[in-house]
Structure formats: C-alpha cells, structure tokens
> 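Before anything else, here's the structure in question.
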Amino acid sequence: MIIRKGYKFRLNTRPEDEALMRQFAGCDRFLWNKALALQKERLEDKQSCLSYNKLANMLPAWKKRAPFFG
C-alpha cells in the first residue's frame, strides 16, 4: 500500500527577501507566458514547436528588451 503524505512549509523571510522572491516569480511567469504564446503562435501557423535549447537561446534577447530585468 502506498502512503502519500503532504507537508506545508512556511519561510520566515525579511521583507527585502520576500520582495526579491516575488520579483523572481513575476519574471518567471512573464517568461513562461511569452514562451507559451510563441509556441501557440507557431502551432497555429502549422510550424513545429521549438526545443528547449532554442527557447533558452532566446532568453538573453528577451531579457535585454524587458525593462524590469536586472
């Protein structure tokens, strides 16, 4: 029999650390949505999806154009 357990953890962070984590999560969401939109657009145009490596190679260009990165 498989017993599955779940745990909840809470980080006690300083406000500065929490702000950095929220910024990271926001940037992560932005990149995920941008890549998803690109893949959907390619599928609608009857093109194949891009591989992880090709998407990863696009990241530096996306970071240069986005005002809130670094």
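For the single chain, residues carry numbers from 1 onward in sequence order.
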> Taking the side chain from Asn57 and the backbone from Asn53, do they hold a donor-acceptor pair closer than 3.5 Å?
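Yes.
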
> Enumerate the salt bridge (Lys or Arg N to Asp or Glu O under 4.0 Å) contacts for residues 4-19, please, sequence neighbours excluded, ordered by first and then second residue.
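Checked against salt bridge (Lys or Arg N to Asp or Glu O under 4.0 Å) - neighbours excluded - the pairs reaching residues 4-19 are Arg14-Glu16, Arg14-Asp17, Glu18-Arg22.
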
> Pair up each side-chain donor or acceptor in residues 35-45 with any protein partner under 3.5 Å, not counting sequence neighbours, and list the distances.
| unit_1 | atom_1 | unit_2 | atom_2 | d |
| --- | --- | --- | --- | --- |
| Gln39 | OE1 | Leu50 | N | 2.9 |
| Gln39 | NE2 | Leu50 | O | 3.0 |
| Arg42 | NE | Ser48 | O | 2.8 |
| Arg42 | NH1 | Gln47 | OE1 | 3.0 |
| Arg42 | NH2 | Ser48 | O | 3.0 |

> Roughly how far, to the nearest 0.5 Å, is CG of Leu59 from NZ of Lys34?
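One gets 10.5 Å once the value is rounded to the nearest 0.5 Å.
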
